[in-house]
Amino acid sequence: MFKKALLGAVSLVAMSVGAAQAEDLKEFRIGIIGGENEADRLRNFQCMIDKLPGALGVEKVSLFPAADYDGTIQGLLGGTLDYAELGASGYAKIYLENPQAVEPILTTVQTDGSTGYYSIMVARKDSGIKTLEDMKGKKLGFADPDSTSGYLVPSVTLPGALGGVAVKDFFGETGFGGGHENLVLEVLKGTFDAGTTFGSGVGDFKDGYTSGNLAKMVEKGVLDMDDLVELWKSPLIPNGPVVVRSSMDADMKTKFKEFMLGLPKSDPDCFSAIQGGDFTGFTEVTPEFYQPIIDARKAQIGS
């Protein structure tokens, strides 16, 4: 009786594993972090719906745009998403809660060959604010609590630029803009005197640089860089990772990685739409690449 029950249990486990693998082959689920107009995010990833079924052998590719960064993070932690593109701090949050939840496999390479970008503080050009020092006592906007460039890195590195003065003691008030695009729009509206967003730092400020939130907003026609002035730029930040669910079938991971590595040449427009600007391609990464950000997040936020 015991042996029969044990064999039955083993069979159920085998069936559940097989079902999980079969599910991998039916639907591939893409998480899209918040911070940009949802219609724009869905349009940018439409090419993945068209291309991935044939490349991966799946029946369906589904897009799940989250209202904020944490929505995608929780989906990855819960195993309900297969792939997402995160900022380094978002990945650090997942790693600190469950190092086995996702695997960082790739990151982008800038047009100058670097694998990093910058947090950039901007203000309205007609505000009279021209330097970081002019922001003393004024209201600073951050993008999102889980954003690397929009919160974590400014929180850690701004005190050094302020002569050792803490952020809370230098600025009169701080708040969150609800994502990078909305943060810049709130700066233009006057809700914040300045705000922290991100860009490649490569190319010209007047163009919003070669990639990043400012460049995307310029391309969409919702931002004229003549309306902004740059007050501060952070040290170089590691480009965020392409992550996949760790429990995904190994063959599926390999197929997806090969698809992504080939995308810059096989479909440059799709690659550019997903990444939001000009990049030369991808390079492979491991969790060690993000260890400085993981450490910084643990020290600054705790999780």
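Values below: all heavy atoms of this structure, side chains included; hydrogens, waters and symmetry mates excluded.
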message = Does anything in residues 70-166 form a disulfide (SG to SG under 2.5 Å)? List the pairs, not counting sequence neighbours.
response = none

request  = Using the salt bridge (Lys or Arg N to Asp or Glu O under 4.0 Å) rule, collect all pairs that involve residues 207-223, keeping only residues at least two apart or in two chains.
outcome  = E36-K216, E36-K220, D40-K220, E181-K220

ask   = Which residue pairs satisfy the salt bridge (Lys or Arg N to Asp or Glu O under 4.0 Å) criterion with at least one member in residues 261-277, sequence neighbours excluded?
value = K51-D267

Identify all side-chain donor-acceptor contacts of residues 156-177 below 3.5 Å with residues at least two apart in sequence or on another chain.
| from | atom 1 | to | atom 2 | distance (Å) |
| --- | --- | --- | --- | --- |
| T157 | OG1 | V153 | O | 2.7 |

key: T286: partners by side-chain contact (heavy atoms from CB on, under 4.5 Å), with sequence neighbours left out   = E288

task = Go through the structure and list residues passing side-chain contact (heavy atoms from CB on, under 4.5 Å) with L63, not counting sequence neighbours.
result = I30, I32, L42, F45, I49

Side-chain ion pair, K189 and E186, N-O less than 4.0 Å = yes

task = May I have all residue pairs that pass salt bridge (Lys or Arg N to Asp or Glu O under 4.0 Å) and include part of residues 92-102, sequence neighbours excluded?
result = D70-K93, K93-D146

inquiry  = For residues 174-279, which residue pairs pass the disulfide (SG to SG under 2.5 Å) check, not counting sequence neighbours?
reply    = C47-C270

Quiz: residues 98-105 side-chain donor-acceptor pairs under 3.5 angstrom, not counting sequence neighbours:
| from | atom 1 | to | atom 2 | distance (Å) |
| --- | --- | --- | --- | --- |
| N98 | OD1 | Q100 | N | 3.0 |
| E103 | OE2 | K253 | NZ | 2.7 |

key: Selection residues 54-166 - residue pairs positive for disulfide (SG to SG under 2.5 Å), sequence neighbours left out   = none

task = Any salt bridge (Lys or Arg N to Asp or Glu O under 4.0 Å) involving residues 276-287? Give me the pairs, sequence neighbours left out, ordered by first then second residue.
result = K257-E284

message = Please list all pairs meeting ring pair (Phe, Tyr, Trp, His ring centres under 6.0 Å) that have one or both residues in residues 224-280, counting only residues at least two apart or in different chains.
response = F28-F256, Y83-F256, F271-F282

